[in-house]
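These notes concern the structure reproduced below.
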Amino acid sequence: QVQLVESGGGLVQAGGSLRLSCAASGRAFSRYAMGWFRQAPGKEREIVTAISRSGSTIYYADSVKGRFTISRDNAKNTVSLQMASLKPEDTAVYYCAVREAVAVATGTASYDYWGQGTQVTVSS
């Protein structure tokens with residue numbers, strides 16, 4: 001089992017920044033790919049970004065490219081999401097997820113463990 005706890009969400013004005021963190025416990029964190037997803041009200045959960053086990057491969061959704069940055073610290077069992085130039089359409093609950101595989105994936109079904117989510121609200 002892997003337990004994930006997100007933190008760092010909140011309310012921010014458009015153009016602002018937030019940093020989300022996800023702390024993992026349980027199995028060997030460094031063995032697995034990680035992802036950040038988000039779900040806005042009335043919408044399906046969607047991939048935001050994902051990072052491979054080593055950090056050598058990173059995927060970003062087109063909607064966040066150039067604004068969001070994912071990073072991981074395998075020694076601390078954490079993955080972070082730095083969000084800049086935030087827009088109202090970034091408002092959602094953000095989830096981190098673990099995939100019991102080396103490579104990144106973009107579908108929710110490819111991830112095995114999920115955090116409880118953290119709310120990000122961007123006001124216009």
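Since this is a predicted model, take the numbers as computed values, not measurements. Below, all heavy atoms of this structure are taken into account, side chains as well, without hydrogens, waters or symmetry copies.
Partners of Thr57 under the side chain to side chain donor-acceptor pair (under 3.5 Å) rule, at least two apart in sequence or in another chain, do not exist in this structure. Not counting sequence neighbours, Tyr94 has no partner by the ring pair (Phe, Tyr, Trp, His ring centres under 6.0 Å) test. Remark: Asn74 engages Arg72 in a side chain to side chain donor-acceptor pair (under 3.5 Å) (not counting sequence neighbours). With sequence neighbours excluded, the residues that form a side chain to side chain donor-acceptor pair (under 3.5 Å) with Thr121 are Gln119.
Met34 and Val102 fall into different hydrophobic clusters, defined by Ile, Leu, Val, Met, Phe, Trp and Tyr side-chain heavy atoms under 4.5 Å apart, directly or through other members. In the hydrophobic cluster analysis, where Ile, Leu, Val, Met, Phe, Trp and Tyr join through side-chain heavy atoms closer than 4.5 angstrom, Val98 is grouped together with Val48. Under the 4.5 Å side-chain heavy-atom criterion for ILVMFWY residues, a single connected hydrophobic cluster contains both Tyr60 and Leu18. Linking ILVMFWY side-chain heavy atoms closer than 4.5 Å, directly or via other members, places Leu81 and Val12 in a single hydrophobic cluster. Side-chain heavy atoms closer than 4.5 Å link hydrophobic residues (I, L, V, M, F, W, Y) into clusters, and following such links, even through other members, never connects Leu86 to Tyr95.
For an aromatic pair to be called close, the ring centres must be under 6.0 Å apart, and Tyr32 with Tyr113 fails this. In this structure, Phe68 has its ring center no closer than 6.0 Å to that of Trp36.
Proximity of Val104 to Thr106: side-chain heavy atoms (C-beta onward) are nowhere separated by under 4.5 Å. With contacts defined as side-chain heavy-atom distances shorter than 4.5 Å, the pair Gln82/Ser17 qualifies. No side-chain heavy atom of Val64 sits under 4.5 Å from any side-chain heavy atom of Met83.
Under the salt bridge (charged side-chain N to carboxylate O under 4.0 Å, His left out) criterion, the residue pairs touching residues 39-51 are Arg38-Glu46, with sequence neighbours excluded. Among residues at least two apart or in separate chains, salt bridge (charged side-chain N to carboxylate O under 4.0 Å, His left out) pairs with a member in residues 47-66 are Asp62-Lys65.
For the atom pair Glu6 CD and Leu20 CG, the distance stands at 8.5 Å (nearest 0.5 Å). Here OG1 of Thr69 is found 9.0 Å from CZ of Arg19. Values are rounded to the nearest 0.5 Å. Atom SG of residue Cys96 and atom CD of residue Gln116 lie 8.0 Å apart, to the nearest 0.5 angstrom. Atom OH of residue Tyr59 and atom OG1 of residue Thr49 lie 9.0 Å apart, to the nearest 0.5 angstrom. Atom CG in Leu4 sits 11.5 Å away from atom OG1 in Thr78 (nearest 0.5 Å). One finds the CD1 atom of Ile51 at 5.0 Å from the CD1 atom of Ile70 (value rounded to the nearest 0.5 Å).
Residues Ala105 and Ala50 share a closest heavy-atom pair of O-CB, 3.9 Å. Among all heavy-atom pairs drawn from Ala40 and Thr91, the shortest one is CB-O, 3.7 Å.
Side-chain polar atoms of Gln3 and Ser25 form a donor-acceptor pair below 3.5 angstrom.
A donor-acceptor pair is defined here as one N or O able to donate and one able to accept, closer than 3.5 Å; no such pair exists between the side chain of Ser80 and the backbone of Ser71. A donor-acceptor contact shorter than 3.5 Å is absent between the side chain of Asn77 and the backbone of Ala23. Distance alone, capped at 3.5 Å, is enough to place a donor-acceptor pair between the Thr118 side chain and the Gly9 backbone. Put simply, the side chain of Tyr111 never gets that close to the backbone of Glu100: no donor and acceptor are under 3.5 Å apart.
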